[in-house]
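Data first, discussion second: the structure below is written as structure tokens.
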Amino acid sequence: MPELPEVETIKNELLPEISGRRIVRVEIKDDKPIRKSSPKEFLKYLVGKEIKGLDRRGKYLIFHLSKGVLIIHLRMTGVLLLNSQENERFARIVFKLDDGNTIVFSDRRRLGVMWVAENEEEVSIKLGTEPLSKEFTVEAFKQRLQSRKAPIKAVLLDQSFIAGIGNMYADEALFQARIHPLKKANDLSLVKIRKLHRAIITILKAAIKNKGASIDTYRSPDGRQGTAHNEFKVAHRKNCVCPECGGLIDRIMIRNRGSYFCPACQKLS
DNA sequence: CATTGTCCCTGGAAGC
DNA sequence: TGCTTCCAGGGACAAT
């Protein structure tokens, strides 16, 4: 599932290949992903535009065009493949570039979305702090946690609180900080807040270095899997042995999301 | 505003 | 073997 490290990897790998290229054709095999305009208007907006840049904001990809932007969210099973040679059974939208390259948006479960807009403001405005930016300080983190009495796991998944963390990396960060996922956010000690702040940054950076995690269908644009999931200690490891204490990893539901943690290492009290 | 529950979506796994 | 049921979870949305 694409979270911040996966989307960052896609951005890093795609940008040098498509920068300065012009979109010459767009094939819509399935119009479900297209939002906020008709498929016809979507095509008209994109064809002829040059790709000037590519940014990530939270889990969103922002393609900067010669005029306006293309915004893509991959949700659960979306991938962007460059010149895919695979039999693309799940190809939804195909972008053809002026150098012959193609970008294929492929999405097994059809939950991914994309739309064109004048700028990225509508996305930026609703998203919280970027965890890998200078704005993400212990002080600001602590300040904002004070008004949250929900479980810390739920708060980490709130994109308006902090942008880009999803289920996998929230579980990993909480384990590294030894915090129970049900711990109330405004009940964390300063020591725990510092640990969690550090854990979020190190977990995300390590995952980017490993080109993301391929737990489900995730692939980078060259079709390869990431390796970040090989280093997961608790995420998606129910009934596996905790690498720290040898106990069993448990899984509970928090806000309808499976939360993996070590009951022995991550105490609630 | 903060919080929580429901819905979308479908292939693969699990169960019978 | 083949059918049915369940499961995964990001984010929009509504309700409280």
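So you know, we letter chains A, B, ... as the sequences are listed, proteins then strands, and number each from 1.
- Applying the side-chain hydrogen bond (donor to acceptor under 3.5 Å, both in side chains) test to pairs two or more places apart or on separate chains, those with a residue in residues 194-209 of chain A are A:Gln176-A:Thr202.
- For residues 138-151 of chain A, the set of pairs meeting the side-chain hydrogen bond (donor to acceptor under 3.5 Å, both in side chains) definition, not counting sequence neighbours, comprises A:Arg148-A:Asp158.
- Pairs engaging residues 124-137 of chain A under the side-chain hydrogen bond (donor to acceptor under 3.5 Å, both in side chains) rule: A:Arg56-A:Glu130, A:Arg57-A:Glu130, A:Tyr60-A:Lys126, A:Ser133-A:Glu135 [sequence neighbours left out].
- In this structure, CD1 on A:Ile62 lies 11.5 Å from NZ on A:Lys11, to the nearest 0.5 angstrom.
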Summary of protein contacts for nucleotides 8-15 of chain B, nucleotide by nucleotide, where a base hit scores B, a sugar-phosphate-only hit scores S (4.0 Å, heavy atoms): BBBS----

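- Electrostatic pairing of A:Asp30 and A:Lys32 does not count as a salt bridge here, judged by no charged N lying under 4.0 Å from a carboxylate O.
- The distance between atom CD1 of A:Ile254 and atom C1' of C:dG9, rounded to the nearest whole Å, is 14 Å.
- Legend: side-chain hydrogen bond (donor to acceptor under 3.5 Å, both in side chains) pairs involving residues 238-248 of chain A, not counting sequence neighbours, sorted by first then second residue: A:Arg178-A:Glu244.
- Atom CG of A:Leu61 and atom P of C:dG11 are 12 Å apart (whole Å).
- Between the C1' atom of B:dA2 and the NZ atom of A:Lys126 lies a distance of 18 Å, rounded to the nearest Å.
- The side chain to side chain contact (heavy atoms under 4.5 Å, CB included) test applied to A:Pro221 returns A:Ile10, A:Glu13, A:Leu14, A:Leu82, not counting sequence neighbours.
- Contacts of A:Arg109 classified as side chain to side chain contact (heavy atoms under 4.5 Å, CB included), with partners at least two apart in sequence or in another chain: A:Met76, A:Thr77, A:Leu111, A:Asp216.
- At a threshold of 4.0 angstrom between heavy atoms, the contacts of A:Arg35 with the nucleic acid are absent.
- Looking at A:Phe175 and A:Arg237, their side chains never come closer than 4.5 Å, going by heavy atoms from C-beta outward.
- Rounded to an integer number of Å, the gap from A:Lys184 NZ to B:dT4 C1' is 14 Å.
- Contacts of A:Asp250 classified as salt bridge (charged side-chain N to carboxylate O under 4.0 Å, His left out), with partners at least two apart in sequence or in another chain: none.
- Scanning for side chain to side chain contact (heavy atoms under 4.5 Å, CB included) contacts around A:Val47 gives A:Val26, with sequence neighbours left out.
- A:Leu157 has its CG atom 10 Å from the P atom of C:dG9, to the nearest Å.
- Nucleotides of DNA chain C nearest to A:His236 and A:Arg255 differ in position, and the one nearer the 5' end is that of A:His236.
- The nearest whole Å value for the distance from the CG atom in A:Asn256 to the C1' atom in C:dC6 is 14 Å.
- Comparing the helix axis at one end of the helix from B:dA2-C:dT16 to B:dC16-C:dG2 with that at the other, each defined from 5 consecutive pairs, gives an inter-axis angle of 40° (nearest 10°).
- For the pair A:Lys59 NZ and C:dG9 P, the interatomic distance rounds to 11 Å; values are reported in whole Å.
- The salt bridge (charged side-chain N to carboxylate O under 4.0 Å, His left out) search around A:Glu118 returns A:Lys67, not counting sequence neighbours.
- In this entry the distance linking CD1 of A:Ile165 with P of C:dG11 reads 12 Å, nearest Å.
- Counting any heavy atom pair closer than 4.0 Å across all strands shown, A:Phe161 reaches no nucleic acid atom.
- Here A:Thr77 lies out of heavy-atom contact (under 4.0 Å) with every strand.
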Filtered N/O pairs between nucleotides 14-16 of chain C and protein, under 3.5 Å:
none

